[in-house]
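All residue numbers in this chain count up from 1 along the given sequence.
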Amino acid sequence: MRKLFLAIMAIAAVALVGCKKDEPQPKKDANLVVYGKIYTAENNAIADAFVVKDGKFVYVGNAAGAKEYEKEGIPVIDYTGKGLVIPGCTEGHGHFVGIDAIARMLPGFRASYQDLVTTIIPNKMKNNPGPFLSFGWATLDVVKFSTNDYASEIEKVSNGNPAIMMDSGGHSAVCNRTALKKAGLIDEDGHKIKDVRGGEVITILDDTGNPTNIASGFLTDEAVMYVLEQSFGAPLDEAGYLQACQNAVKELNKRGFTSYMDAYINAFDDALTYQYLAQMDKAGTLTANVMGYYTIRSYDWGLPKEGTMPQRVIDKLNRVQSLSNQYTKGHVQANGVKLFADGVVETYTGWISEEYTVPGLPENKKHGNIIWEQSEVNAIVAQANAKGMPVHVHTFGDLACNQIINAYCASPSASSLKIRNSLAHVRNISDADITRCGQNNIGIASNLIWHAGDPDSIREYLYSIMPKQVYEDGYPMKKLLNAGIVVSSSTDAPCGEMILGTVPNIIGVTVTGLGPSCLDAKPLGEKEDLLTVSEALQCLTINGASSLGLENERGSIKVGKYADFVVLDQDVLELEKTDKTAIFHTNVTNTYFEGKQVYPVK
């Protein structure tokens, strides 16, 4: 009887367990469920859904698995058939905070030189007299006539106030005599006293076409920032700086970026911008990761010389370390060092091994601008790396790339950095140096978008001044990736921004070699150097995150990573099969940062 009782109880227990299996199980916790075609950036895998909890991905996979997280009150968004969902993207080299947002708040942003001197400066002096600073006129407006007497022309309308107008690339400017005098570059009569190391103060020509010693007001490269630093103070008040930072982050999110590298954080001040980025982060309104690079100029070193590093350079390296100790936290990183190894090809200052094909170009300018001595660069890179600070260098020409790669390879501490040393732009680079970058973990922030503008202006102009093969070998992105280099994409905005630097436009440029305003032009660069859409997305997502040392936290849609993602209104992977130029008609419809929609702002 006892045995029968125990058997009956055992059967009942099994039955009860069976009943429990058939009952609905409690739903898993989530804050957001998303469906659609999802490019994860994990080995190019495509997912059907993902789930977000507390700002991170907790599930990535098929739709059936995501259904387990759906319950009342949990937002569910279905983007199926509405385009492509991709990870949050990184702007690998830009100036949204350090230059762009500030410049947009100043009068004359992107105005022509003629409008500046005939209308904008006179109106500024009439209504709010004081120093005048503007940014963004097209380089080609003036560069061909750099020996005109701009200094006197601007002086007439600026009422004795310093005035400077930087071009769209920041590598040339025109200014008045007051600005030149305050910087100590001319005497009372306008005669040039000295040049600035790494740049040039151009002089006017006499009636016979011979140079004089009268400064024209046209400046190149390091001379631009020298005059800016010596003759102007911070261009905005505290409220203005905060507004500039807020505007910059909104613009980044609108374009599809959730991480960003600012390549010149102290453009107008001694890194005051960090203060306001930190303020935004504390308030919860900084909806992007920002990595800042503090620039050290060749004139900080002084005259080229062997031996001990000058105290001014040591002070600047210490300043970067101090800023990093104070501000590197949360979504802000403040430990980068920036250098310029050359200028840009538009003003014949990109440092290239072949000669520029410009008639009458002086012998010392035929290969561009040499800004640093090798020993100086080696010393700065080694000391910065020893302090845990990565170095990022502007390099357009192949000779500039070679010099900086030499310095990186010689740095004893480079291999221990959390964020790798890197090059920016890299228009031309030798095959041997490509190999060295791959072997030594040197990153590259490429911006093919720089010269993808109107074929009737910048493209044709560059073709006319550069050796044919140098022009056609520009921006070898495929070679860089194939060498194992971590290549990120960038816009350098607003510098040279011929087209809007949105995520879809960057994809379009790197896949076609064209730009939305010149779809019928000859592609920029060799066909074999262009990327597939998957490769273009890799550069924007996981590679971009890696360039900021964030590859374990961001850059792909993977369980455990922060839920940064972007929605495009067209499937660019499918457009690659049908019409690559249609990528330029793709829009960013939504941007999410840590699981919250930040564009459009709700």
Side-chain angles (χ1 to χ4, degrees), residues 37-46 83-94 96 251-263 288-291 422 424-426 443-450 452 475 477-478 480-481 485-493 497 499-513 515 530-551 553-558 561-573 575-576 580 583-584 586-593 598-599:
K37 183 175 180 180
I38 299 162
Y39 173 84
T40 66
E42 288 288 326
N43 298 315
N44 293 326
I46 301 295
L84 184 69
V85 182
I86 64 175
C89 296
T90 296
E91 161 62 281
H93 175 107
F96 285 90
E251 188 68 24
L252 285 163
N253 295 157
K254 179 180 178 181
R255 296 179 183 217
F257 298 114
T258 54
S259 293
Y260 160 61
M261 194 273 271
D262 194 290
N289 295 285
V290 180
M291 170 74 183
S422 56
H425 313 309
V426 189
I444 291 179
S446 180
N447 59 304
L448 181 61
I449 202 168
W450 178 294
Y475 303 105
M477 292 188 72
K478 179 80 79 172
L480 301 178
L481 282 178
I485 300 169
V486 175
V487 181
S488 61
S489 282
S490 64
T491 66
D492 203 23
E497 189 185 348
I499 59 178
L500 287 177
T502 65
V503 164
N505 278 344
I506 293 175
I507 297 170
V509 169
T510 52
V511 168
T512 67
L530 299 173
L531 304 184
T532 65
V533 169
S534 292
E535 289 169 335
L537 287 169
Q538 174 190 341
C539 292
L540 281 163
T541 57
I542 190 63
N543 283 12
S546 181
S547 71
L548 303 185
L550 300 174
E551 65 271 24
E553 304 172 25
R554 304 175 192 269
S556 64
I557 296 175
K558 180 181 179 181
K561 287 191 173 185
Y562 285 103
D564 302 342
F565 62 96
V566 173
V567 184
L568 307 180
D569 68 356
Q570 294 194 94
D571 183 349
V572 292
L573 293 167
L575 292 178
E576 182 176 30
K580 294 179 183 179
I583 294 172
F584 291 113
T586 303
N587 299 299
V588 173
T589 61
N590 305 84
T591 301
Y592 288 76
F593 182 67
V598 294
Y599 173 78

Undergrad: Please identify each residue that fulfils side chain to side chain contact (heavy atoms under 4.5 Å, CB included) with Ala445, with sequence neighbours left out.
TA: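 His93, His392, Ser488, Ser490.
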
Undergrad: Taking side chain as C-beta onward, heavy atoms only, is Leu573 less than 4.5 Å from Lys37?
TA: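 Of all side-chain heavy-atom pairs linking Lys37 with Leu573, at least one is under 4.5 Å.
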
Undergrad: Where do Phe593 and Thr258 come nearest, in terms of heavy atoms and distance?
TA: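 So the two residues come closest at CE1-O, 3.7 Å.
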
Undergrad: With sequence neighbours left out, what residues match Ser556 under side chain to side chain donor-acceptor pair (under 3.5 Å)?
TA: Glu42, Lys561

Undergrad: State which residues pass side chain to side chain contact (heavy atoms under 4.5 Å, CB included) with Asp569; sequence neighbours excluded, sorted by chain then number.
TA: Thr586, Asn587, Thr589

Undergrad: Please tell me if the side chains of Val503 and Val566 come closer than 4.5 Å, counting only heavy atoms from C-beta onward.
TA: no

Undergrad: Using 0.5 Å steps for rounding, measure from the CD atom of Glu551 to the CG atom of Asn543.
TA: 9.5 Å

Undergrad: Is there a donor-acceptor pair under 3.5 Å between the side chain of Glu553 and the backbone N or O of Leu550?
TA: no

Undergrad: Would the distance check show the side chain of Ser547 and the main-chain N or O of Gly544 forming a donor-acceptor pair, the cut-off being under 3.5 Å?
TA: yes

Undergrad: Rounded to the nearest 0.5 Å, what's the gap from CD1 on Ile444 to CG on Leu480? Could you check?
TA: 4.5 Å

Undergrad: Any side-chain heavy atom of Leu481 sitting closer than 4.5 Å to one from Gln538?
TA: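 Yes; the side chains approach each other to less than 4.5 Å.
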
Undergrad: Between Ile542 and Pro87, is any pair of side-chain heavy atoms under 4.5 Å apart?
TA: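 Answer no - side chains too far apart.
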
Undergrad: Would you call Lys478 and Leu531 a side-chain contact if the rule is heavy atoms closer than 4.5 Å?
TA: yes

Undergrad: Can you tell me how far OH of Tyr260 sits from CG of Leu548, rounded to the nearest 0.5 angstrom?
TA: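 Rounded to the nearest 0.5 Å, the CG-OH separation comes to 11.0 Å.
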
Undergrad: If I compare all heavy atoms of Leu568 with all of Pro504, which pair ends up nearest, and what's the gap?
TA: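 Scanning both residues, the minimum pair turns out to be CD2-CG, 4.1 Å.
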
Undergrad: Could you tell me the separation between the CG atom of Asn44 and the CD atom of Glu535, rounded to the nearest 0.5 Å?
TA: 8.5 Å

Undergrad: Is there a side-chain contact (heavy atoms from CB on, under 4.5 Å) between Cys89 and Arg255 once you walk through the steps?
TA: CA-CA 9 Å; Cys89 296; Arg255 296 179 183 217; over 6 Å; no

Undergrad: Kindly indicate whether the side chain of Thr491, heavy atoms from C-beta on, has any atom under 4.5 Å from the side chain of Glu91.
TA: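 Yes. Closest side-chain heavy atoms under 4.5 Å.
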
Undergrad: So, do Ser446 and Val426 sit near enough that their side-chain heavy atoms are less than 4.5 Å apart?
TA: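 Not touching, per the 4.5 Å side-chain cut-off.
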
Undergrad: Atom OH of Tyr599 and atom CG of Asn253: how far apart are they, to the nearest 0.5 Å?
TA: 10.0 Å

Undergrad: Ignoring hydrogens, what is the shortest heavy-atom contact between Ala288 and Ser259? Give both atom names and the distance.
TA: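 Where Ala288 meets Ser259 most closely, the heavy atoms are CB-N, 4.5 Å.
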
Undergrad: Can you name the closest pair of heavy atoms from Val487 and Met477 and give their distance?
TA: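 It is CG1-CE, 4.1 Å.
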
Undergrad: What are the two closest non-hydrogen atoms of Val511 and Ala536, and how far apart are they?
TA: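 What the structure gives for the nearest pair is CG2-CB, 4.2 Å.
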
Undergrad: Quick check for you: to the nearest 0.5 Å, what is the distance between Ile38 atom CD1 and Ile86 atom CD1?
TA: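 If I round to the nearest 0.5 Å, the distance is 12.0 Å.
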
Undergrad: Ignoring hydrogens, what is the shortest heavy-atom contact between Thr510 and Ile506? Give both atom names and the distance.
TA: OG1-O, 2.9 Å

Undergrad: So Val509 and Phe584, do their side chains get closer than 4.5 Å, heavy atoms only?
TA: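 In contact.
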
